[in-house]
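No hydrogens, no waters, no symmetry mates; every other heavy atom, side chains included, goes into these values. One is the number of the first residue; the rest follow in order along the sequence.
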Amino acid sequence: MDMIEKLNERLQSYQIDCTSSQLQQFATYYDLLIDWNKRMNLTAITDPEEVIVKHFFDSITPAFFYPFSQQRMIDIGAGAGFPSIPLKICFPDLKLTLLDSLNKRITFLQHLIETLNLKNVDFIHGRAEEIARKSDLRESFDIAISRAVAKLNVLAELSLPFIKLKGSMIALKGARANEEIAEAQKAIQLLGGVFVKEHNFDLPEHFGERTIIIINKTKSTPIKYPRKSGTPNREPIQ
């Protein structure tokens, strides 16, 4: 697929060089995404170039600003696998956990991971508010990452409880994320985090503005967080 080669060229300009096997994994990912999307709602984006830029390239952009290697990473609200699976393809040593509240999406992700032959991937069906209270998962990840899940103050409550001290929360956002960052300052501090940086850039082909937000974990999250399921969305920390 020519679009896959174009993806590789764009990534090479950021010193990310995919092997032919990795490029084939992206091509297979695209085929499976489109095929399964006929039976279940995985994405509204199906045009090949848009999938390559808005899903694959966009998912990998955190690696332009953050060093991924052998960390343990959880994707909060993994959906169709963005952003974590494109990152896992590029950085196969990542130890990945995919968390989603819909079992049918977990079924897709399991099939996808098996087909792509990716190793060290776990799956959790459940809500972040409940799963973050499990002793074997709480404050056990180096990275919690998410894209298009919730506003930043809500996302902080869903993500920071999973992250160990000195770990990082990475949020992929659209344009004009400054307001969300300002609103989330109290939540970030309360939950043990400290805002590090935002990175703003444009996607190729005028496909939109993006912001990568990085928050580091400096203190343990108080045990009462996250609150019970649904509460963070209904009553976000202000």
Side-chain angles (χ1 to χ4, degrees), residues 1-68 73 75-92 94 96 98 100 105 108-109 111-113 115-116 118 121 143 145-152 155 169-178 180 197-214:
M1 181 187 285
D2 291 340
M3 291 294 106
I4 297 295
E5 290 298 334
K6 187 175 288 188
L7 171 66
N8 191 37
E9 291 173 6
R10 288 172 174 146
L11 293 177
Q12 284 176 333
S13 66
Y14 291 93
Q15 288 73 55
I16 297 174
D17 195 5
C18 294
T19 65
S20 58
S21 175
Q22 288 168 314
L23 296 177
Q24 182 56 53
Q25 286 176 314
F26 279 113
T28 300
Y29 193 170
Y30 172 80
D31 290 340
L32 286 174
L33 179 70
I34 299 305
D35 181 42
W36 280 63
N37 201 54
K38 296 171 185 174
R39 305 188 292 277
M40 56 189 289
N41 183 26
L42 290 170
T43 177
I45 298 170
T46 56
D47 174 79
E49 185 171 21
E50 287 196 61
V51 170
I52 295 304
V53 175
K54 291 185 177 181
H55 282 331
F56 294 168
F57 182 84
D58 186 34
S59 292
I60 299 164
T61 54
F64 306 162
F65 314 106
Y66 187 93
F68 291 92
M73 181 171 78
D75 188 341
I76 308 289
F82 307 118
S84 59
I85 294 181
L87 284 167
K88 172 70 173 172
I89 291 172
C90 291
F91 303 95
L94 278 170
L96 179 60
L98 299 163
D100 200 89
R105 287 200 289 253
F108 166 73
L109 293 170
H111 178 74
L112 175 65
I113 292 300
T115 304
L116 298 182
L118 295 173
V121 181
I143 304 164
I145 198 166
S146 59
R147 188 183 81 149
V149 170
K151 291 183 71 173
L152 192 61
L155 195 58
M169 169 183 161
I170 302 175
L172 285 72
K173 293 286 184 178
R176 299 180 297 279
N178 286 342
E180 282 194 43
K197 192 156 188 178
E198 61 176 303
H199 300 274
N200 302 288
F201 58 95
D202 294 321
L203 288 177
E205 310 300 333
H206 307 287
F207 276 138
E209 301 172 47
R210 293 292 186 268
T211 304
I212 305 293
I213 299 170
I214 299 175

May I ask you to test the Val51-Met3 pair for a side-chain heavy-atom distance under 4.5 Å? no
So do Leu152 and Met169 actually touch side chain to side chain, heavy atoms under 4.5 Å? yes
Measuring only between side-chain heavy atoms, which start at C-beta, is Cys18 closer than 4.5 Å to Gln25? no
I want to check something: taking the side chain as every heavy atom from C-beta on, are His55 and Tyr30 in contact at a cut-off of under 4.5 Å? no
For Phe65, all residues meeting ring-ring contact (aromatic ring centres under 6.0 Å, His included), sequence neighbours excluded: His199, Phe201
Could I get the full list of salt bridge (charged side-chain N to carboxylate O under 4.0 Å, His left out) partners for Glu50, not counting sequence neighbours? Lys54
Should Ile145 and Leu172 count as side-chain neighbours, where that means a heavy-atom distance under 4.5 Å? yes
Are the aromatic rings of Phe64 and Phe57 close, with centres under 6.0 Å apart? yes
Any side-chain heavy atom of Leu96 within less than 4.5 Å of one from Leu118? no
Do Phe26 and Ile60 come close enough that some side-chain heavy atom pair is under 4.5 Å? yes
In terms of relative ring orientation, are Phe82 and Tyr29 parallel, tilted or perpendicular, with 30° and 60° separating the classes? parallel
Is any side-chain heavy atom of Ile85 less than 4.5 Å from a side-chain heavy atom of Leu98? yes
Criterion side-chain contact (heavy atoms from CB on, under 4.5 Å) against Arg39, the qualifying member of Asp35, Leu42, Asn37: Asp35
